[in-house]
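A quick write-up on the structure given underneath.
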Amino acid sequence: MAFESLASKLQETFKKLRSKGKLTEKDVKEAMKDVKIALLEADVNYKVVKDFINKVNEKAVGQEVLESLTPGQQVIKIVHNELVELMGKTNTHINFASKPPTVIMFVGLQGSGKTTTCGKLAANIKKQGKRPLLVAADVYRPAAIKQLQVLGQNLDVPVFTMGNNINPVDICKNSINEAGRIGSDVIIIDTAGRLHIDDEMMNELKEIKEAVKPHEVLLVVDAMTGQDAVNVAQNFNEQIGIDGLILTKLDGDTRGGAALSIRAVTGKPIKFVGTGEKMDALEPFHPDRLASRILGMGDVLSLIEKA
Amino acid sequence: TKTRNNLSKKIQDLIRFNKELNSEFYEELEEILILSDVGVDTTQKIIEQLKKDIRLRGIKTSDECKQLLKEILIQFLIENQDEFVITSPTVITVVGVNGVGKTTTIAKLASKYKAAGKKIILAAGDTFRAAATEQLEIWGQRLNVDVIKHKEGSDPSAVIFDAINASKARGADILICDTAGRLHTKTNLMNELSKIKKVIDREYVDAQKEVFLVLDATTGQNALQQVKIFREATDITGIVLTKLDGTAKGGIVVAIKSEFKFPIRYIGIGEQADDLQEFNAQDFVNALLDF
Ligand SMILES: Nc1nc2c(ncn2[C@@H]2O[C@H](COP(=O)(O)OP(=O)(O)OP(=O)(O)O)[C@@H](O)[C@H]2O)c(=O)[nH]1
Ligand SMILES: Nc1nc2c(ncn2[C@@H]2O[C@H](COP(=O)(O)OP(=O)(O)OP(=O)(O)O)[C@@H](O)[C@H]2O)c(=O)[nH]1
Ligand SMILES: [Mg+2]
Ligand SMILES: [Mg+2]
């Protein structure tokens with residue numbers, strides 16, 4: 001496993017190269033192969049990696065690296081900075097409507113963590129002094145409504161449901177009235193998991209969006225997703241239109257390269273990350289942390305910064 | 001998808017114009033395999049093997065090469081794929097990380113075995129996640145299969161203990177145990193699996209014991225870590241790969257097979273009870289390299 005080893009690998013590579021004499025541009029290119037492998041092993045999409053490497057190559061062949069006493073560290077620094085850049089500025093704000101209620105809609109593949117994250121966001125928003133309403137618009141998965149109700153009960157947040165013998169579009173429409181009736185200012189809609197290639201189910205999302213005009217459509221993505229993440233995100237974005245991403249299950253040991261790919265192909269900000277099953281396990285997104293994680297080198301970087 | 005079509009087209013062009021097996025060809029191949037989540041190491045392994053066989057057999061065209069590649073991949077995948085025989089009684093424990101499709105797979109297995117005339121009991125061993133028990137109960141009602149449950153927050157081992165006794169008393173052929181999703185990095189939760197295993201070993205001595213690790217086909221390289229660590233906590237006897245109805249090709253199981261050799265038992269291809277198929281290496285490889 002190349003985990004945590006990019007730094008040492010690069011050092012090795014440069015040591016070998018330098019023993020031949022002065023470092024050349026070709027040597028830097030050679031070293032970039034190590035970077036490429038590290039990114040691929042972190043599940044960054046192949047095409048995204050290719051573009052990224054080309055871009056970084058240009059920066060890295062600058063004198064800085066060639067003349068550096070620690071070219072391996074220089075390269076890592078450049079790569080890391082570029083990754084952070086690519087993941088964009090921190091933006092973990094929810095777009096609250098100037099005239100309530102704010103409508104937030106969760107979408108994503110099956111099992112990505114939508115229902116759980118709806119609960120977490122409700123908890124988060126409630127803490128800000130707002131009055132969220134959870135809406136059970138998954139009428140397909142067995143006990144999906146019950147799942148949301150249990151979360152709502154534990155959080156003391158109301159849950160709007162009309163059972164599962166009714167069109168989700170109607171449920172969502174009606175939830176707006178319900179919010180007015182009970183004085184909720186943020187509506188959080190939990191939708192059923194679906195494949196991005198399931199036209200019928202994607203149409204349902206379009207209809208819901210059309211009906212309730214959400215202020216935020218958030219795509220929930222499992223951080224362990226592999227190369228296909230780009231297709232998923234692209235499809236959801238092109239067909240439904242998304243405003244941001246939430247990356248779940250980052251409490252494991254996945255390197256989470258999918259996030260980078262998705263960010264690169266959709267340009268949408270990652271707003272929050274999920275770090276556990278409990279309702280308080282929702283954190284703002286930090287591009288620098290994810291960059292270090294993708295490179296498999298949490299602490300190495302702070303050492304380099306100090307050097 | 002667009003991406004794949006472009007790739008397939010490129011490869012097809014390579015083949016149609018009977019191009020030589022140059023570095024461009026291998027690069028395309030690498031791209032295809034990595035984009036299917038086969039992973040860097042295994043992709044390199046496959047390409048090495050391919051180059052070796054090409055030399056040995058004197059292969060010149062990319063068309064022959066494609067056939068050869070399929071053969072190599074099938075070789076990888078059919079290793080240890082002995083036939084799966086269920087004797088009575090059998091306990092199947094279903095484990096895996098969060099949201100991969102464990103509970104749904106249990107419903108599919110129950111449906112399949114029931115159709116084969118077996119008496120099934122399900123154990124609601126996920127006492128943690130909100131409405132996990134209710135989810136399994138709904139499946140039980142739909143399939144007309146008994147579900148043994150305790151209330152939320154109780155000890156999963158106790159549920160399984162009860163389910164074993166119920167299976168014995170009611171003469172069930174197959175007991176299928178649901179467990180809560182858990183990330184393999186959470187030691188305490190992994191210990192809970194070892195405890196469940198102990199209960200089954202102790203209480204159901206004469207039963208055939210199966211542990212299915214469920215993997216989501218959409219998962220990338222982390223699935224390797226999942227197999228590695230779940231294997232330490234319990235005795236995995238087979239793998240189920242779910243969500244192959246999406247666009248992800250599940251190439252990660254090629255990497256898994258090259259490293260771990262567990263048999264792949266079933267694949268999940270949808271959310272309904274009959275969306276389960278026995279794993280077939282040939283079909284899988286054809287789908288993986290559908291160009
Ligand atoms: N460890 C961990 N587990 C999570 C996280 N977010 C969600 N989960 C778990 O992932 C599993 C799936 O979560 P759900 O919220 O049911 O996912 P979903 O997207 O609503 O699923 P469907 O409605 O079936 O599409 C559950 O076991 C959750 O507890 C997270 O950040 N970390
Ligand atoms: N498209 C598709 N969806 C599936 C498949 N298998 C399961 N699902 C869906 O994936 C989601 C999660 O399935 P579950 O069976 O609840 O997963 P789990 O592993 O039990 O989840 P936790 O208990 O929360 O860890 C549900 O929406 C299922 O309908 C499959 O083969 N294809
Ligand atoms: Mg849900
Ligand atoms: Mg489950």
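- Using a 4.5 Å cut-off between heavy atoms, A:Asp251 touches chain B through backbone and side chain atoms alike.
- Contacts between A:Gln110 and chain B at a heavy-atom distance below 4.5 Å involve backbone atoms as well as side-chain atoms.
- A side-chain donor from one of A:Asp253 and B:Asn222 sits under 3.5 Å from a side-chain acceptor of the other.
- Interatomic distance, CG of A:Leu218 versus CZ of A:Phe236, reported as 12.5 Å (0.5 Å rounding).
- Donor-acceptor pairing under 3.5 Å is lacking for the side chains of B:Asp216 and B:Thr242.
- Proximity of a side-chain donor or acceptor of A:Arg293 to a complementary backbone N or O of A:Thr254 within less than 3.5 Å is detected.
- Under the 3.5 Å distance criterion, with hydrogens and angles disregarded, no donor-acceptor pair is assigned to the side chains of A:Thr248 and A:Asp222.
- B:Gln135 touches chain A through backbone and side chain together, each having a heavy atom under 4.5 Å away.
- Ranking B:Ile252, B:Thr133, B:Thr103, B:Asp245 against chain A, the residue ahead of the rest is B:Asp245, based on heavy-atom pairs under 4.5 Å.
- With chain A as the partner, the residue from B:Ala107, B:Ser36, B:Ala131 showing the most heavy-atom pairs under 4.5 Å is B:Ala131.
- Contacts between B:Val97 and chain A at a heavy-atom distance below 4.5 Å involve the side chain alone, from C-beta outward.
- With a 4.5 Å cut-off on non-hydrogen atoms, A:Glu277 touches chain B through its side chain but not through its backbone.
- Taking the six-membered ring for Trp and the full ring otherwise, B:Phe279 and B:Tyr266 have centroids separated by 6.0 Å or more.
- Counting only N and O atoms by type, the side chains of A:His196 and B:Thr247 include a donor and acceptor under 3.5 Å apart.
- With hydrogens and angles left out, the side-chain atoms of B:Asn286 and B:Asp283 include no donor and acceptor closer than 3.5 Å.
- Chain A forms the most heavy-atom pairs under 4.5 Å with one residue out of B:Glu137, B:Lys243, B:Glu152, and that residue is B:Lys243.
- Heavy-atom distances place no part of A:Ile145 under 4.5 Å from chain B, backbone and side chain included.
- For the set A:Leu195, A:Val150, A:Val232, A:Asn154, the count of heavy-atom pairs under 4.5 angstrom toward chain B peaks at A:Leu195.
- Of all the listed residues (B:Gly251, B:Gly220, B:Gly39), the one sharing the greatest number of non-hydrogen pairs under 4.5 Å with chain A is B:Gly220.
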